[in-house]
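Worksheet: one structure, shown below.
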Amino acid sequence: MKSRDEALALDAADPLAPLREQFSIPPGLIYLDGNSLGVMPRAAPARAQQVVAQEWGTGLIGSWNSAGWMELAPRIGDKIARLIGAGPGECVATDSTSVNLFKVLNAALAIARADAPAGTRTRIVSERSNFPTDLYIAEATAAERGLELVLADSPEEIRALLDERCAVLMLTHVNYSTGRIHDMAALTRAAHEAGALTLWDLAHSAGAVPLQLSDCGADFAIGCGYKYLNGGPGAPAFVWVAPRHAERFWQPLAGWMGHAAPFEFTPGYRPAPGIRRYLCGTPPVLSLAVLECGVDSVLAAEPLGGMAALRAKSLALTRAFADLVESRCAGHGLTRVSPRDDAQRGSQVCFAHPTHGYAMVQALIARGVVGDFRAPQILRFGFTPLYLRYADVWDAVEHMRQMLQGEEWRQTRFNQRAAVT
Ligand SMILES: *Cc1c(COP(=O)(O)O)cnc(C)c1O
């Protein structure tokens, strides 16, 4: 991409362009943070209003049956399954990513260790650069069970740790900070050859990159509802379990919604068949209803080529952005962190700056270009192909060039840390 005119021509020829109409995006804003909080689908306010005013306001308790509230979690799970290469009945939308991780990590450990000789399968293997909540949950789980959390610093180190000591390989598919993608099929195969199970966090993958959970032979997966799935702030997350494992274990949060017959009110736990046993308590109906609008906004790409088409556009956007920043913003101390190889890059681009990354991101936000900062030095820009245009890429880089040229980041107001970065 060499000019704004070229960007406009690419937009005019983009078969996915009409999908932007689904969203409410503040005028003038270039939103490069859909990997942290997706934008609002236009359908969401009316759906929330319907649930509040009619289903709750008028239908009251009868709406559990008449409005199908109990079916939301499995129905939305089935829709998400279409985006992650899984089948119907294998996924539910529920709880948070952190909570779902706790459930599946414990299930995976129980299965991996079930028949293990003493002294084997004592490790959870992950990466030091994994998202902190994943590491915290794993650390707590390991401590609780008298196991060990072992962290690798590279894909080579991960492979070296796959032996009879490894019970579960727990990885985030697309790294939240660098955007680097793990080879899910290859690592799953290597883990299985070592007798271990795999657990994939799809927080930065679902709705952003095509996934083939079933074909890869993956064992467990979790993912986020409020990032590329546009489900709204704090939206319920999802959990997927390979059908071969689903009924082998009671997950540790064995609440009544995961019971085979919750309304029999029996004192003993009898897990529901299949993935439903991964539910815990009463579903957040409002949040689920709005999440469904977000998931539908991604499924709307299906007739236009689906995830493959979204991925092709995402790569074109991230490639253009990274190349333009390198060529037009040179000389300001920014280093490209995200992989140059398309196959290894998720739907985001990151640059590092040794000292002023935070202030630079704030100065860009003041210009209407929203990215975010990830300590200690990452400027992170997420690209959601559902609603971003090539012209947005061009304009974002032009803002960045002017901001850096004018050293706008030096202003005091851009150097004061807010609670959420
Ligand atoms: C965003 C993200 C989460 C978020 O977890 P919550 O429970 O929703 O706070 C977890 N893991 C990864 C890898 C993430 O990127």
Side-chain angles (χ1 to χ4, degrees), residues 32-39 73 76 80 83-84 92-106 108 124-141 149 151-152 158 168-182 184 187 198-209 211 213 218 220-240 251 253 278-281 283-284 287-288 290-291 294-295 337-338 345-350 371-375 378 380-384 419-421:
L32 307 181
D33 219 356
N35 54 333
S36 203
L37 176 63
V39 301
I76 300 168
I80 293 171
L83 300 171
I84 60 177
V92 280
T94 182
D95 296 323
S96 67
T97 307
S98 304
V99 171
N100 287 332
L101 175 61
F102 178 77
K103 294 187 261 187
V104 290
L105 180 56
N106 278 279
I124 302 164
V125 172
S126 191
E127 267 187 303
R128 203 173 312 280
S129 63
N130 202 342
F131 189 76
T133 203
D134 297 53
L135 297 181
Y136 302 157
I137 297 275
E139 185 183 348
T141 300
L149 172 64
L151 302 179
I158 294 172
V168 176
L169 174 62
M170 178 194 92
L171 293 174
T172 295
H173 179 235
V174 174
N175 185 277
Y176 80 101
S177 180
T178 62
R180 188 221 51 229
I181 301 185
H182 275 306
M184 185 187 286
L187 281 167
T198 56
L199 195 178
W200 293 95
D201 187 331
L202 309 177
H204 288 274
S205 312
V209 298
L211 291 157
L213 282 178
F220 297 87
I222 51 168
C224 188
Y226 52 78
K227 292 173 179 163
Y228 291 100
L229 297 183
N230 307 315
F238 64 87
V239 48
W240 172 84
Q251 54 97 354
L253 300 179
Y278 281 82
L279 300 175
C280 179
S287 301
L288 282 168
V290 171
L291 168 64
V295 174
V337 173
S338 312
R345 188 176 67 246
S347 203
Q348 70 187 58
V349 175
C350 298
D372 59 25
F373 175 73
R374 286 294 172 261
I378 299 277
R380 187 174 74 154
F381 304 96
F383 290 82
T384 307
V420 175
T421 62

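Remember, it's a predicted structure, so these values are computed and weren't measured experimentally. Numbering of ligands and ligand atoms starts at 1, following listing order.
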I'd like to check which ligand 1 atoms, numbered from 1 as shown, lie under 4.0 Å from a non-hydrogen atom of [X].
X      : value
Ser96  : 7 (O)
Tyr226 : 1 (C), 4 (C), 5 (O), 6 (P), 8 (O), 9 (O)
Thr172 : 13 (C)
Asp134 : 10 (C), 11 (N), 12 (C), 13 (C)
Ala203 : 2 (C), 12 (C), 13 (C), 14 (C), 15 (O)

Requested in this report: Quick one: list whatever passes salt bridge (Lys or Arg N to Asp or Glu O under 4.0 Å) with Asp201, sequence neighbours left out.
Outcome: none
Query - Listed partners of Asp33 passing salt bridge (Lys or Arg N to Asp or Glu O under 4.0 Å), at least two apart - result: none
Query raised in the report: What protein heavy atom sits nearest atom 5 (O) of ligand 1, and how far away is it?
Result: Thr97 CB, 3.4 Å
Requested in this report: Considering heavy atoms of the protein only, find what lies nearest to atom 7 (O) of ligand 1 and give residue, atom and distance to 0.1 Å.
Outcome: Ser98 OG, 2.6 Å
**Report entry** Min side-chain heavy-atom separation Tyr278-Val104 under 4.5 Å
**Finding:** yes
Query - Test item: Gln348 side-chain N/O and Leu32 main-chain N/O as donor-acceptor pair under 3.5 Å - result: no
Query raised in the report: Just by distance, do the side chain of Thr421 and the backbone of Phe373 share a donor-acceptor pair under 3.5 Å?
Result: yes
Requested in this report: Using a 4.0 Å heavy-atom threshold (strictly under), name the region of Asp201 that reaches ligand 1: side chain, backbone, both or neither.
Outcome: side chain
Report summary line: Nearest heavy atom to atom 3 (C) of ligand 1, choosing from His204, His173, Lys227, belongs to Lys227
Query raised in the report: If you round to the nearest 0.5 Å, how far is OG of Ser205 from CG of Asn175?
Result: 10.5 Å
Query raised in the report: Where does the angle between the aromatic ring planes of Tyr176 and His204 fall among parallel (under 30°), tilted (30 to 60°) and perpendicular (over 60°)?
Result: tilted
